[in-house]
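Read through the structure below, which is laid out as structure tokens, and then see the notes.
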Amino acid sequence: MSLFKKIISLILNRAKKEQYYLEIGSHFIKKGCNVQIGQIVDSKRIDHERRRVKVITGLFYDFKTNKINHVSDRRIVKD
């Protein structure tokens, strides 16, 4: 959903000012991040049918360091 549609929805539902700020902030954090949840970052072939991949499982914004961090998980996937 685009930012414009979210703002229109908030206006029609008479949301509070803080909700506007949260929606706009989360939109720009998602845009500024270089990865998405579920994206495969690293891949290494184990044998002919399997790969060991590194998948992004979570994103969070650290206000103390002013950076976007991610959590990843290693999984084995069949081709």
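Just so we're clear, the structure is a prediction, and the values are computed from it rather than from any experiment.
Every residue was checked against the side-chain contact (heavy atoms from CB on, under 4.5 Å) condition with K44, not counting sequence neighbours, and none meets it. Checked against side chain to side chain donor-acceptor pair (under 3.5 Å), Q39 has no partners two or more places apart in sequence or in another chain.
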Side-chain donor/acceptor pairs under 3.5 Å, residues 7-17, sequence neighbours excluded:
| residue | atom | partner | partner atom | Å |
| --- | --- | --- | --- | --- |
| S9 | OG | N13 | ND2 | 3.4 |
| N13 | ND2 | S9 | O | 3.0 |

For residues 24-37, tabulate all N or O donor-acceptor pairs below 3.5 Å that involve a side-chain atom, not counting sequence neighbours.
| residue | atom | partner | partner atom | Å |
| --- | --- | --- | --- | --- |
| S26 | OG | L22 | O | 3.2 |
| S26 | OG | E23 | O | 3.0 |

Going by atom type alone, with no hydrogens or angles, which donor-acceptor pairs under 3.5 Å involve a side-chain atom of residues 51-65 and a protein atom two or more places apart or on another chain?
| residue | atom | partner | partner atom | Å |
| --- | --- | --- | --- | --- |
| R51 | NE | D79 | OD1 | 3.4 |
| R51 | NH1 | S43 | OG | 2.9 |
| T57 | OG1 | V71 | O | 3.1 |
| Y61 | OH | N66 | OD1 | 2.0 |
| D62 | OD1 | K64 | N | 3.3 |
| D62 | OD2 | T65 | OG1 | 2.9 |

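Listed by first then second residue, pairs satisfying salt bridge (Lys or Arg N to Asp or Glu O under 4.0 Å) with a partner in residues 69-78 read D73-R75, not counting sequence neighbours.
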